[in-house]
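Structure first, commentary second.
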Protein chains: 2
Amino acid sequence: MSKTIKLTEVDICDRIRDKVLEQRLAPGTKLTEEALCEVFGVSRNLIRRAFLLLSKDNIITLEKNKGAAVASPSPSEAHEIFEARTIMENALLKQAMERANKASIKALRAHLEREQQALLDGDTPLWIRLSGEFHIVLGRAAQNAPMSEFLDLLVFRSSLILALYGNQSAPTSCKGGEHERLVDALENKDLETARQIMAEHMASLEALLKFDTKDTRQDLHSILGG
Amino acid sequence: MSKTIKLTEVDICDRIRDKVLEQRLAPGTKLTEEALCEVFGVSRNLIRRAFLLLSKDNIITLEKNKGAAVASPSPSEAHEIFEARTIMENALLKQAMERANKASIKALRAHLEREQQALLDGDTPLWIRLSGEFHIVLGRAAQNAPMSEFLDLLVFRSSLILALYGNQSAPTSCKGGEHERLVDALENKDLETARQIMAEHMASLEALLKFDTKDTRQDLHSILGG
DNA sequence: TCGCGTAATATTGTCAACAATTTAGTAAAA
DNA sequence: TTTTACTAAATTGTTGACAATATTACGCGA
């Protein structure tokens, strides 16, 4: 039997964040304390602390006496986040170019494998998450914790934005081997090429956005339960 | 009589952060819940939530069953933070150059006044805080909330680092009118000059660091009471 | 049917008591 | 004196009950 380790507020955060990254928790979804208590089998106290952390990352909104809801970034916020992300990805790319070693290249290649596999398996949520996580792994290669953690945050928020405004019918980006080409450029220490691929990649992501609102309700148990 | 508005966890965060920015809360200082309850006149619940937020910003460390202490960044963390800050200041400078308007220039000039006044008044803690806040105000001029908020964080953490490793005997930086010259360059849309001033400014800040540990204990009531 | 006010319900916020853990203090033995 | 074991105190972690607030449901009159 699996020993049930006592969950912390951070664990709960991560679980919820993952679902956001997988775009399985839609923006605007109301998160009630009671429901999450059941899902995670913990007390309200812990849930409330997790909410506090998530709200600090702008992954949920927390309004006094109104509770928590998955964040639903406005178009202008969306723009700011993509702008920030473009700048950060570029800055980190430069750092990564200088510092990437065998280990980080290997980690990136391994990640590409997993992306590929998820695509083959038709596991779309996993693939979406891995696509985002690629940029997180890439950021780690720059070996600057504050910066790569900030990028993490922007990647999470990007997921939220894509879930909200992403044009699902459009051919999904990242499938065109852009991630692979980025790793190649990194390995070859070809900063200019890497920058260009990244710029195109970011632009194509942002091009997916269509700013007309949609609204969805969801069942927390089925999403967070697993 | 002044109506005592009910404090939130965020208010308490801010109060503590301010003291960090003023370098009045030394790195390593233990923060007990009970003591802060008295200082702020709130329940432990709120203090614990404030701790959670502060720890997420790496302003305090929070260890299970051991409680909170003002963060005490290691030399390598310090280096990462200054590196990140240098990159972010540069990136934001470019954005600010493009977007700064009358209002932001005015805000910066007003801030310079306050710095000057604090210096004249001999109010060193206030001056230290305002020196840091200058960069926060400058960041705001870039009009990208995620990025400028990230810079805020780095500025706070820089204060911690300077308090820890700063060479107090050395002639303090920022007094040489570097902030003024930055605003001038910004107003003249002279990016190259601005970049150069900023680079020198950051370098001179980092040059103040001397990595030999010191250890201090402090009285929370007298520091946080006001 | 619609608007409005009111009561019932659900949800969030707060607090205080209790449990678990760490830290400080004390005394005995080497 | 130093070390160790043990006890007492202080500190942090957790829980559940209750208060405050918001949301919903209902009934009434127009």
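Throughout, a chain's letter reflects where its sequence line sits, starting with A, and its residues are numbered from 1. Just so it is clear, the structure is predicted and the values come from calculations on it, not from any experiment.
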Can you list the steps and then say if B:Gln95 with A:Glu83 is a side-chain hydrogen bond (donor to acceptor under 3.5 Å, both in side chains)? CA-CA 10 Å; B:Gln95 299 287 107; A:Glu83 179 179 272; 3.0 Å; yes
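Straight-line distance from the CZ atom of A:Phe40 to the P atom of D:dT14: 16 Å, rounded to whole Å. Note: CD (A:Glu9) to P (D:dT14) measures 8 Å, nearest angstrom. The interatomic distance linking A:Arg48 (CZ) with D:dA20 (C1') rounds to 12 Å, in whole Å. B:Glu33 places its CD atom 13 Å from the C1' atom of C:dT21, with the value rounded to the nearest Å. The distance between atom NZ of B:Lys6 and atom C1' of D:dT21, rounded to the nearest whole Å, is 11 Å. Rounded to an integer number of Å, the gap from CZ of A:Arg44 to C1' of C:dG13 is 7 Å. Atom-to-atom, NZ of B:Lys30 to P of D:dT11 comes out at 7 Å; the value is rounded to the nearest Å. Here C:dC15 presents its P atom at 12 Å from CG of B:Leu7, a figure rounded to the nearest Å.
Classification of the B:His179-B:Phe134 ring pair by plane angle, with boundaries at 30° and 60°, yields parallel.
Nucleic acid contact class of A:Asn65 (heavy atoms, under 4.0 Å, all strands): sugar-phosphate only.
Where A:Asn45 and B:Gly67 each meet DNA chain D at their nearest nucleotide, the meeting point lying more 5' is that of B:Gly67. The 5' end of DNA chain D is approached more closely, in terms of each residue's nearest nucleotide, by B:Ala68 than by the other of A:Lys64 and B:Ala68.
Using a 4.0 Å cut-off, some side-chain N or O of B:Ser43 falls inside it from OP1 or OP2 of C:dC15.
Taking CZ from B:Phe156 and CG from B:Asp57, the interatomic distance works out to 8.5 Å, rounded to the nearest 0.5 Å. Distance check, rounded to the nearest 0.5 Å: CD of A:Glu77 to CG of A:Leu160 gives 10.0 Å.
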